[in-house]
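The structure appears right after this line, and notes come after that.
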Amino acid sequence: MAKQQQKKTGTKKFVPQKFDYRWPILIAIIAFALYANTINHDYALDDWGAITNNQFVQDGFKGIPQLLKVDLWHFGNLTLGYYRPLSLITFAVEHELFDNNPHISHFINILLFAFTGFMLCLLLMELFSGYHTAFAFLISLLFIAHPIHTEVVANLKSRDELMSFLGVTSILFILLRHSESVKKKYFIISLVIFYLAMLSKETAMTGVVLLPAILYFFRQKSIPECIGKAIPFALAVGLYYFQKYKMMGTLTGQVPNDIVNYPYVNAKITSSLIIFSYCIKLLFLPHPLMYDYSYNQIPIGTWANPLTWVGLVLFSVLLFFAIRGTIKKTIWGFAIVFFFVTFIPALGFVLIRGGIMAERFLYSASLGFCIALVYFLGLLLKVNFIDKETRLPAWIKKNLKIISITAVVFLAYSFKTIDRNKAWTDNFTLFSTDISRINNSCQTNKHYGSEVINKAIAENDPKKKLAYFNEAIPYLWKAVTIHPKFGEAWCTLGVAYQVVKPIPDSAIYFYKKAIESSPGYAISYGNLGILYQSQNKYALASYYYNKAIEISPTFLDAQRNAAALRKATGIDVHAYPGGEAAPPSNIVSSPTAPSAEQHDPKYYFDMGTKYATQGNFNNAIANLQKAIELDPKYSDAYVNLANSYGMLKNYEAAIETYNRLISSLGPNVRVYENMAVTYDLMGNEQQADICRQKMKELKK
């Protein structure tokens, strides 16, 4: 075909074509097959907050009226302005019919994705009606296989994203298919679907821009005609915001002072450019994939960072070609426009709120990438996509090169997708899979440490319980090293010393550190209440229960504990009680009078450990060194001494301590694991890898 013919999106008057539905059905079947291995998965990550810990979802049908009134994270004591009731309503219905059965929910997620593939293939066949069906099919094939979608499909909470994009593709197909029809029913159906899509996730409002763009590119409508067609949908957006305000009392919500999830508040533009460049890279090379990109996995952007300039250049070049392609009405121009329209609102989370990146940003936008990829492969290989009359076997025979290349990409994508799905099996699998590649994220270190502590709590064997404890603590310490004001990590340390290895004074210290760091984290108050109640300090227990309820009125455990204590004792304290003994502040480092304890290495070990839990690492080091002096084979003292050096960022001394332990007691998996973490903190990846290799050898 002529170059000019291939470049233009179409010039003839639109005539609805008859579809061969075998291709959309095949796409749906493949989409289902790619994610079939997630059906047996449990809840993971945000699923707990959106489903199992959402009381309105757990109320089933009775909770639906309340779900229409609250923020997505209402039971997380947050009002972020996320009004997405429809996906939550589907979870409430599933709970009513199937109880908390994650397998049913995963099955439904896969069905939604398969149906998205079906509708997408229909939409593309309609868009490119002047082209061979293979063009739409190949684009659809790459889209459903792209591994960037694993977070959206395998994580149940992201059903809002699935339903939103499915709604957008459906209305675009209906309106495009019936753009010349005088029947109002198609228009009304489209408006209803569009509104439901916005109730799933507000990003569906990109349809207001995509609709006129498609009519402009593919139906030869004038700009005023395109805008006119979009006006009713713009009014629907206004209605959505009206409903949102009436139900929630806010349009924007409140951005919390939370550096973990909103680290870019003071560097929004530069950080957005870095994340833009990172997202482009993931479209071309979706590896490694990570469930978490929070502080400080992608450092705050600065103009001194070359990636900031890479992002600026990429953005500028793509914007230039988007404008040029729009003027010329080219397919590649439409692909870039589609990418921008669907990606920029997601990137707005960084640009407007200073929030973190997520792979779901690219779910819809990856379609633009897939269109451009297949189109430019066609140009490079001189494929005649306009040859629509050639029967498929003959067309394949004439175009084996693009079929082969697309097949290779599809198989690579599919392998990565199926393999990545396994990581989303449950929380522990997800966190343990990603901890090695997301080692700079305080959130990931806290997540993994917390899951190991949960295993320790469930373990009955004392030796295994202690082993889990020892495995978890370095990750929790690393979390608070990366972010010293990370209240959730301090709270988990409190749980570890309250439940797994009970040292009440240490647990109190960590809970108070958590409260100091994150005054709005209600769990710390509730756990302090439980701890004080176990010590028969009922006034303090009542105070902290009530404080937890004051901070988070939906905190059911605190409500139950406060009510039970009130019923048993009649105590109901709302002001900090006087006359109670304060938690110990300091421990004397050197006893003034000799005693038998001073010759006991465990005495100094306990003192050093207490100092460490209070953050007094210099005194901790002095006492732990004394413990080792009295018992050169005291392995726990070596480990705690090295950790104390690590907290002071004296990594060389920490490594020296670990080497002394190896010289004294021989190679040890735990020691090499801690050394690997320390070398990571030093930026010495080569030595860290050597330590991890020695770990593997010892485990054999």
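We number each residue from 1, following the sequence as shown. All values reported here derive from a predicted model rather than from experimental measurement.
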- Message: More than 12 heavy atoms of other residues, nucleotides or ligands under 6.0 Å from CD1 of Ile223: yes or no?
- Response: no
- Would a 4.5 Å heavy-atom cut-off, applied to side chains only, mark Val255 and Leu80 as touching? no
- Message: Any salt bridge linking Lys416 with Asp419? Criterion: basic side-chain nitrogen under 4.0 Å from a carboxylate oxygen.
- Response: no
- Indicate yes or no for a side-chain donor-acceptor contact from Ser432 to the backbone of Thr429 under 3.5 Å, with no hydrogens or angles considered. yes
- Query: More than 12 non-hydrogen atoms from neighbouring residues, nucleotides or ligands closer than 6.0 Å to CZ on Phe415, yes or no?
  - Reply: no
- Item | Test item: Lys478 side-chain N/O and Asn439 main-chain N/O as donor-acceptor pair under 3.5 Å | yes
- Query: Does the side chain of Leu45 come within less than 4.5 Å of His447's, by heavy atoms?
  - Reply: yes
- Item | Steps toward side-chain contact (heavy atoms from CB on, under 4.5 Å) verdict (Phe91, Ile51) | CA-CA 7 Å; Phe91 295 135; Ile51 304 172; 3.8 Å; yes
- Query: Salt bridge check: are Asp47 and Arg159 linked by an N-O gap of less than 4.0 Å?
  - Reply: no
- Task: Sequence neighbours left out, what passes side chain to side chain donor-acceptor pair (under 3.5 Å) with Tyr475? Give chain and number order.
- Result: Glu673
- Item | Validation row: Arg437, Pro288 side chains within 4.5 angstrom (heavy atoms) | yes
- Message: With heavy-atom distances below 4.5 Å as the criterion, would you say the side chains of His146 and Pro286 are in contact?
- Response: yes
- Message: Using a 3.5 Å distance criterion without hydrogens, assess whether the side chain of Thr308 forms a donor-acceptor pair with backbone atoms of Leu273.
- Response: no
- Task: Might you point out which heavy atoms bring Cys442 and His483 nearest each other, and give the distance in Å?
- Result: SG-CB, 3.9 Å
- Does the ring centre of Phe349 sit less than 6.0 Å away from the ring centre of Tyr262? yes
- Query: If you look at every heavy atom in Ala676 and Ala688, which pair is closest and at what distance?
  - Reply: O-CB, 3.6 Å
- Is the backbone N or O of Glu161 less than 3.5 Å from a side-chain atom of Ser158, with the two atoms forming a donor-acceptor pair by type? no
- Message: Given 3.5 Å as the limit, does a donor-acceptor pair link the side chain of Asn421 with the main chain of Thr150, or not?
- Response: no
- Do side-chain atoms of Lys69 reach the backbone of Met247 as a donor and acceptor pair under 3.5 angstrom? no
Would you be so kind as to tabulate the donor-acceptor pairs closer than 3.5 Å made by side chains of residues 232-240, with sequence neighbours excluded?
| residue | atom | partner | partner atom | Å |
| --- | --- | --- | --- | --- |
| Tyr240 | OH | Tyr83 | O | 3.0 |

- Heavy-atom side-chain contact between Leu175 and Leu215 under 4.5 Å: no
- Query: To the nearest 0.5 Å, what is the distance between SG (Cys279) and CZ (Phe361)?
  - Reply: 7.0 Å
- Query: Using the ring of each side chain (for Trp, its six-membered ring), is Trp303 parallel, tilted or perpendicular to Trp309, with breaks at 30° and 60°?
  - Reply: tilted
- Item | Trace of the side-chain contact (heavy atoms from CB on, under 4.5 Å) decision for Val265 with Asn257 | CA-CA 9 Å; Val265 172; Asn257 183 19; over 6 Å; no
- Message: What's the separation between atom CD1 in Ile344 and atom CG in Leu351, rounded to the nearest 0.5 Å?
- Response: 8.0 Å
- Message: Before we go on, tell me: are the rings of Phe128 and Phe218 under 6.0 Å apart, centre to centre?
- Response: yes
- Message: Does Gln254 have more than 12 heavy atoms from other residues, nucleotides or ligands lying within 6.0 Å of its CD?
- Response: no
- Message: Measuring from atom OG of Ser170 to atom CZ of Phe165, what distance do you get when rounded to the nearest 0.5 angstrom?
- Response: 9.5 Å
- Task: Would you give the length of the straight line joining atom CE of Met198 to atom CE of Met205, rounded to the nearest 0.5 angstrom?
- Result: 6.0 Å
- Message: Centroid separation under 6.0 Å, is that true for the rings of Tyr375 and Phe338?
- Response: no
- Looking only at heavy atoms, what is the nearest atom pair of Gly646 and Ala654, with distance? N-CB, 4.3 Å
- Message: Testing the basics here: between Phe321 and Ile336, what is the closest heavy-atom pair and its distance to 0.1 Å?
- Response: CB-CD1, 3.7 Å
- Determine, stepwise, if the pair Tyr35 / Asn109 fulfils side-chain contact (heavy atoms from CB on, under 4.5 Å). CA-CA 9 Å; Tyr35 287 91; Asn109 259 31; over 6 Å; no
- Message: Give me the atom names and distance for the closest heavy-atom approach of Asn261 to Ser294.
- Response: OD1-CB, 4.3 Å
- For Thr330 and Gly333, indicate whether the former's side chain and the latter's backbone hold a donor-acceptor pair under 3.5 Å. yes
- Message: Please determine whether side-chain contact (heavy atoms from CB on, under 4.5 Å) holds for the pair Val337 and Val209, giving the CA-CA distance in whole Å, both sets of side-chain angles, and the decisive distance to 0.1 Å.
- Response: CA-CA 10 Å; Val337 167; Val209 180; 6.0 Å; no
- To the nearest 0.5 Å, how far apart are CG in Asn427 and CH2 in Trp48? 6.5 Å
- Side chains of Met248 and Tyr82: does their closest heavy-atom pair fall under 4.5 Å? no
- Query: Would you find a donor on one side and an acceptor on the other, under 3.5 Å apart, between the side chain of Thr492 and the backbone of Glu488?
  - Reply: yes
- Query: Under a 4.5 Å cut-off applied to non-hydrogen side-chain atoms, are Leu251 and Tyr241 in contact?
  - Reply: yes
- Query: Is the backbone of Tyr291 close enough, under 3.5 Å, to the side chain of Asp434 for a donor and an acceptor to pair up by distance?
  - Reply: yes
- Item | Rounded distance (nearest 0.5 Å) linking atom CD of Gln297 with atom OG1 of Thr444 | 6.5 Å
- Tyr525 and Phe555: aromatic ring centres closer than 6.0 Å? no
- Taking the six-membered ring where the residue is Trp, are the ring centres of Phe315 and Phe340 under 6.0 Å apart? yes
- Query: Taking Trp490 for the side chain and Lys512 for the main chain, is one N or O donor matched with an acceptor at less than 3.5 Å?
  - Reply: no
- Task: Mind jotting down which residue pairs meet the side chain to side chain donor-acceptor pair (under 3.5 Å) criterion with at least one end in residues 351-368? Sequence neighbours excluded, please.
- Result: His149-Ser366, Glu151-Arg360, Tyr293-Glu359
- Check Ala522 against Ser552 and note the closest heavy-atom contact, atom names and distance. CB-CB, 3.7 Å
- Message: Do His74 and Thr554 have side chains that approach each other closer than 4.5 Å (heavy atoms only, starting at C-beta)?
- Response: yes
